[in-house]
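Because the structure is predicted, anything quoted here is derived from the model rather than measured.
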Amino acid sequence: MVQSSNNYDHPEQQVWDCDDEKNVEHYMELTRAHIKHYGKGELFHMIGLAEWVFGSPEENLATKIRVMKTFIRHLRREYPDAPLLIASWDFMFRWKAPEVRKLLAELDPADTVILDYTTDSGSYSNNFVNWNLPHHFPWIFGIFQAYEPQNDLFFNFDRAEEMYIPVQDDPMCRGMVIWSENSHSNPLLEYLAKRSVDEPFSLGQFCANHCGDRAAAMEGLWEIRINFSIFFRKST
């Protein structure tokens with residue numbers, strides 16, 4: 001497929017033409033082989049065309065929705081009862097909120113769940129609230145935990161708590177997920193485990209539980225780092 005972005009532009013990184021049914025069938029054959037040898041056809045995960053960009057914003061949106069619908073059609077033909085989990089990675093930094101809502105209107109909430117793991121990274125204008133997920137479409141609240149800033153002593157608890165508010169009374173929220181890429185492991189994401197069972201999380205208690213006689217020192221370091229990051233973001 002002809003892409004308009006310069007990321008993933010090496011030949012081996014480009015996307016096969018998903019409008020060619022032969023290519024889609026090849027992909028489905030890989031799916032069948034994986035299920036046959038390693039698992040069951042009980043839940044399918046899809047990220048769409050992710051970080052690739054095809055043409056103008058309007059063309060890109062139309063292409064990505066069309067390709068998603070193509071794969072969904074094949075999925076439903078072979079695995080009609082399996083839920084589809086659509087990851088929100090692309091939505092957060094490539095799409096605008098009205099575009100995500102347009103896609104949702106094309107999807108069936110009876111067998112589709114949006115996996116949103118951008119709570120700690122999404123913008124204030126483009127996130128699961130503005131996509132109209134709470135109370136309207138099945139979704140999962142999550143944290144990605146894979147950015148370079150998460151290598152240091154930082155986690156924006158205030159931001160996470162703000163985003164957690166719509167979760168508490170939403171029957172459409174199916175659960176909570178940490179999408180953990182372990183090369184960027186952040187122990188503070190014990191936060192999500194606590195909140196998933198509606199227990200409070202305290203940085204001070206975390207340090208007391210894990211840092212022994214260095215608890216006060218570690219809490220102080222984290223507070224400095226958090227305050228510095230908030231100041232830096234506001235100043236830029």
_I need the full list of salt bridge (charged side-chain N to carboxylate O under 4.0 Å, His left out) pairs touching residues 196-206, with sequence neighbours left out, sorted by first then second residue._
Lys194-Glu199
_NZ on Lys36 to CD on Glu29, rounded to 0.5 Å_ = 9.0 Å
*Evaluate the criterion side-chain contact (heavy atoms from CB on, under 4.5 Å) for residue pair Leu107 and Ile72; output intermediate values, then yes/no.*
CA-CA 9 Å; Leu107 302 175; Ile72 290 171; 3.6 Å; yes
*Are Val67 and Trp16 co-members of a hydrophobic cluster defined by side-chain heavy atoms under 4.5 Å apart?*
no
_Rounded at 0.5 Å granularity, tell me how far NE2 in His136 sits from CZ in Phe128._
14.0 Å
_Ignoring hydrogens, what is the shortest heavy-atom contact between Pro109 and Pro138? Give both atom names and the distance._
O-CG, 3.3 Å
*Side chain proximity check, Phe141 to Pro166, heavy atoms < 4.5 angstrom*: no
*Arg66 and Asp19: side-chain contact (heavy atoms from CB on, under 4.5 Å), yes or no, with the steps?*
CA-CA 9 Å; Arg66 184 177 69 253; Asp19 290 321; 2.9 Å; yes
*Measure the spacing between CD of Gln205 and NE2 of His210 and express it to the nearest 0.5 Å.*
9.0 Å
_One pair to check against side-chain contact (heavy atoms from CB on, under 4.5 Å): Glu99 and Ile65. What are the steps and the verdict?_
CA-CA 10 Å; Glu99 295 174 337; Ile65 290 179; over 6 Å; no
_For a quick test of reading the model, state the closest non-hydrogen atom pair linking Ala97 to Asn130 and the distance between them._
CB-O, 3.8 Å
*Just how far is it from atom CD1 of Ile86 to atom CG of Leu115, taken to the nearest 0.5 Å?*
10.5 Å
*Is any side-chain heavy atom of Asp81 less than 4.5 Å from a side-chain heavy atom of Asp111?*
no
*Heavy atoms, side chains only, cut-off 4.5 Å: are Val2 and Gln14 in contact?*
no
*At what distance, to the nearest 0.5 angstrom, does CD1 of Ile140 lie from CG of Asp116?*
10.0 Å
*Could you list the residues that satisfy side-chain contact (heavy atoms from CB on, under 4.5 Å) with Asp170, not counting sequence neighbours?*
Pro134, His135, Trp139, Met172, Cys173
*For the pair Trp131 and Phe91, name the ring-plane relationship: parallel under 30°, tilted 30 to 60°, perpendicular over 60°.*
perpendicular
*In plain terms, say whether Arg94 and Glu51 are close enough for a salt bridge, that is, a side-chain N and a carboxylate O under 4.0 Å apart.*
no
*Under 3.5 Å, is there a donor-acceptor pair linking the side chains of Glu21 and His74?*
yes
*Keeping the roles fixed (side chain from Ser196, backbone from Ala193), state whether a donor-acceptor pair exists under 3.5 Å.*
yes
*Between Arg73 and Glu78, is there a salt bridge with N-O shorter than 4.0 Å?*
no
_Matching residue for Val129 among Asn132, Asn127, Leu133 - test: side chain to side chain contact (heavy atoms under 4.5 Å, CB included)_ = Asn127
*asked:* Tell me if the centroids of the rings in Tyr27 and Phe71 come within less than 6.0 Å of each other.
replied: yes
_Ion pair check, Arg195 and Glu161, cut-off under 4.0 Å_ = yes
*Side chains of Thr63 and Met1: closer than 4.5 Å at any heavy-atom pair?*
yes
*Looking just at side-chain N and O atoms, do Trp52 and Asp90 make a donor-acceptor pair shorter than 3.5 Å?*
no
*Same cluster or not: are Val53 and Leu103 linked, directly or through other Ile, Leu, Val, Met, Phe, Trp or Tyr residues, by side-chain heavy atoms under 4.5 angstrom apart?*
no
*When you look at Arg76 and Asp108, which way does the salt bridge (charged side-chain N to carboxylate O under 4.0 Å, His left out) test go after all the steps?*
CA-CA 11 Å; Arg76 292 292 160 239; Asp108 185 352; over 6 Å; no
*Intermediate values then yes/no, side-chain contact (heavy atoms from CB on, under 4.5 Å), Tyr191 and Leu203*: CA-CA 9 Å; Tyr191 163 86; Leu203 180 59; over 6 Å; no
*Roughly how far apart are Met68 CE and Leu75 CG, rounded to 0.5 Å?*
12.5 Å
*Which heavy-atom pair separates Ala50 from Lys64 by the least distance, and what is that distance?*
O-NZ, 2.7 Å
*Can you check whether Phe54's main-chain N or O pairs, donor with acceptor, with Asn60's side chain at less than 3.5 Å?*
yes
*Would you please name every residue forming a side-chain hydrogen bond (donor to acceptor under 3.5 Å, both in side chains) with Glu162, sequence neighbours left out?*
none
*Which atoms form the tightest heavy-atom contact between Ile35 and Gly41, and what is the distance?*
CG2-N, 3.7 Å
*So, the side chain of Glu223 versus the backbone of Gly220: is there a donor-acceptor pair under 3.5 Å, distance only?*
no
*Is a donor on one side and an acceptor on the other found under 3.5 Å between the side chain of Tyr117 and the backbone of Ser88?*
no
*asked:* Can you give me the closest heavy-atom contact between His45 and Ala87, atom names plus distance?
replied: NE2-CB, 3.5 Å
*Among the clusters formed by ILVMFWY side chains lying less than 4.5 Å apart, do Leu43 and Ile47 turn up in the same one?*
yes
